[in-house]
K.L.:
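For reference, the structure I am asking about is given below.
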Amino acid sequence: MQDQHFERPDRWIWRVGHGREIDLSRRGLLMGVLNVTPDSFSDGGRFADVTAALAEAEAMADAGAVIIDVGGESTRPGADPVDAATEQARVLPVIKAVADHLAGARQVLISVDSYRVETARLAVAAGAHIINDISGLQGEPGMADLARETKAGLVVMHTGRGREKLPDVIEDQMVFLGRSLAIAKEAGLDARQIVLDPGFGFAKDSDENFSLMARFDTLHPLGRPFLAGTSRKRFLGAATGREAGERDVATAATTALLRVAGARIFRVHDVAKSRDALSVAEAMCDRLAQETGSDV
């Protein structure tokens, strides 16, 4: 699979849409989760109208989020699917409002959480800078082509849903994401547009999720920066005994642990708690760099 990987550069520069880019070389950043759905697992219905959604986006930006990730379809296990028109009716007005009020003055970046090519196309036209594809380019055909055409940033996520996984959690990551990177190369996509996501919680049991955390550094040969989306996931409830809305401290712990393991972007519901955890982790990464001479 090595020939399908991208070679790791000296600096992690993530090129995203509308002429923007992010330097991920030395510091991690936070992506705030903005679900504009009635049935998301921990905040369903809270931000279903544009006014409430914009207020939450502003609050997350105030707390330290650099990216706001807008989603219009719940991806929790067992959620009812929605059609493309419903998804677009939910996300597009919110993306436009955030673009109008925050993307310029506050330099906030906008991500659309969708595996549908047409939704992603319309979202980028409305102001989104990033496409967050939970199908890892292996769902609807044409997502990599769209990213190339629009120059949008692309989060390519691993998932175990709808297929037979390999027994070893890391081997499955390498094969699946290797295939995703091959699709990106075939489409002529600039590697600097791509961030990878190991897909915590997507058809992974508690043991697999913790194994993925414990062995996270073995994913780096894939050659792109990583986003970690652990926020309020079920495996944190298994470890703490807490319900979804009470898992933000556990989420913050994973933010710190995964930053030290080399992750760069953290997709979270409670930005403030993870901001403090990330600050501590960055101090540790600085110390490790001084002690070992290598960046984390």
Side-chain angles (χ1 to χ4, degrees), residues 1-9 12 14 24 31 69 75-77 111 113-117 120 130-148 152-231 233-235 238 254 257-267 296:
M1 303 297 294
Q2 186 61 40
D3 62 342
Q4 295 176 1
H5 303 165
F6 288 107
E7 194 171 322
R8 178 169 178 164
W12 288 129
W14 190 18
L24 300 173
M31 170 189 278
D69 188 46
T75 57
R76 65 178 172 81
S111 170
D113 184 356
S114 181
Y115 55 86
R116 292 187 175 94
V117 174
I130 297 159
I131 301 164
N132 184 4
D133 180 10
I134 66 168
S135 75
L137 301 180
Q138 297 180 47
E140 287 192 3
M143 190 68 87
D145 293 324
L146 175 64
R148 185 196 67 246
L154 184 63
V155 178
V156 176
M157 196 194 80
H158 174 281
T159 181
R161 293 181 181 175
R163 65 184 183 86
E164 186 174 345
K165 298 185 299 180
L166 296 172
D168 181 77
V169 66
I170 297 299
E171 184 181 3
D172 196 68
Q173 290 275 329
M174 302 301 278
V175 170
F176 182 91
L177 292 176
R179 187 179 300 121
S180 296
L181 291 175
I183 293 168
K185 275 192 170 183
E186 181 69 21
L189 192 63
D190 185 340
R192 290 168 294 184
Q193 291 174 249
I194 300 171
V195 162
L196 301 176
D197 178 352
F200 286 98
F202 279 75
K204 300 172 184 69
D205 64 24
S206 183
D207 287 344
E208 288 172 316
N209 283 298
F210 281 110
S211 180
L212 187 53
M213 285 186 62
R215 301 165 63 192
F216 192 83
D217 62 338
T218 64
L219 298 175
H220 295 312
L222 287 165
R224 295 306 305 150
F226 271 89
L227 177 151
T230 61
S231 190
K233 293 287 176 73
R234 187 175 301 178
F235 77 101
T254 65
L257 290 166
L258 288 167
R259 176 65 192 93
V260 174
R264 289 302 199 273
I265 304 168
F266 304 89
R267 183 180 182 275
V296 178

K.L.:
Under 3.5 Å, side chain of Q138 to main-chain N/O of F176, donor-acceptor pair present?
P.N.:
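Between the backbone of F176 and the side chain of Q138 there is a qualifying donor-acceptor contact (under 3.5 Å).
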
K.L.:
Listed by chain and number, what are the side-chain hydrogen bond (donor to acceptor under 3.5 Å, both in side chains) partners of N209, not counting sequence neighbours?
P.N.:
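N209 satisfies side-chain hydrogen bond (donor to acceptor under 3.5 Å, both in side chains) with no residue once adjacent residues are dropped.
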
K.L.:
What verdict does the salt bridge (Lys or Arg N to Asp or Glu O under 4.0 Å) test give for D172 and K204, after you've listed the backbone C-alpha separation in whole Å, the side-chain angles of each residue and the deciding distance to 0.1 Å?
P.N.:
CA-CA 11 Å; D172 196 68; K204 300 172 184 69; over 6 Å; no

K.L.:
Donor-acceptor check, side chain of R161 to backbone of F202, threshold 3.5 angstrom: yes or no?
P.N.:
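No; judged by distance alone, with no hydrogens or angles, the pair does not exist.
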
K.L.:
Applying side-chain hydrogen bond (donor to acceptor under 3.5 Å, both in side chains), can you list everything that pairs with R116, at least two apart in sequence or on another chain?
P.N.:
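With neighbours one apart ignored, the set is E73, E87.
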
K.L.:
I'd like to know if the side chain of E171 and the backbone of L166 have a donor-acceptor N/O pair within less than 3.5 Å.
P.N.:
no

K.L.:
Under the rule for side-chain hydrogen bond (donor to acceptor under 3.5 Å, both in side chains), what residues qualify as partners of Q173, not counting sequence neighbours?
P.N.:
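Q173: side-chain hydrogen bond (donor to acceptor under 3.5 Å, both in side chains) contacts with H158.
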
K.L.:
Using atom types as modelled and distance alone, determine if a side-chain donor or acceptor of R264 lies under 3.5 Å from a backbone N or O of P225.
P.N.:
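Checking the backbone N and O of P225 against the side chain of R264, no donor-acceptor pair under 3.5 Å is found.
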
K.L.:
Under the 3.5 angstrom rule, does the side chain of R215 hit a backbone N or O of M213 as a donor-acceptor pair?
P.N.:
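The answer is no, because no donor-acceptor pair under 3.5 Å joins these two groups.
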
K.L.:
Any chance you could measure I194, atom CD1, to W14, atom CH2, to the nearest 0.5 Å?
P.N.:
11.0 Å

K.L.:
With side-chain contact (heavy atoms from CB on, under 4.5 Å) as the criterion, how do L212 and I170 come out once you've worked through the C-alpha distance, each side chain's angles and the decisive distance to 0.1 Å?
P.N.:
CA-CA 7 Å; L212 187 53; I170 297 299; 3.9 Å; yes

K.L.:
Could you state the interatomic distance from CG (L258) to CZ (F216), rounded to the nearest 0.5 Å?
P.N.:
5.5 Å

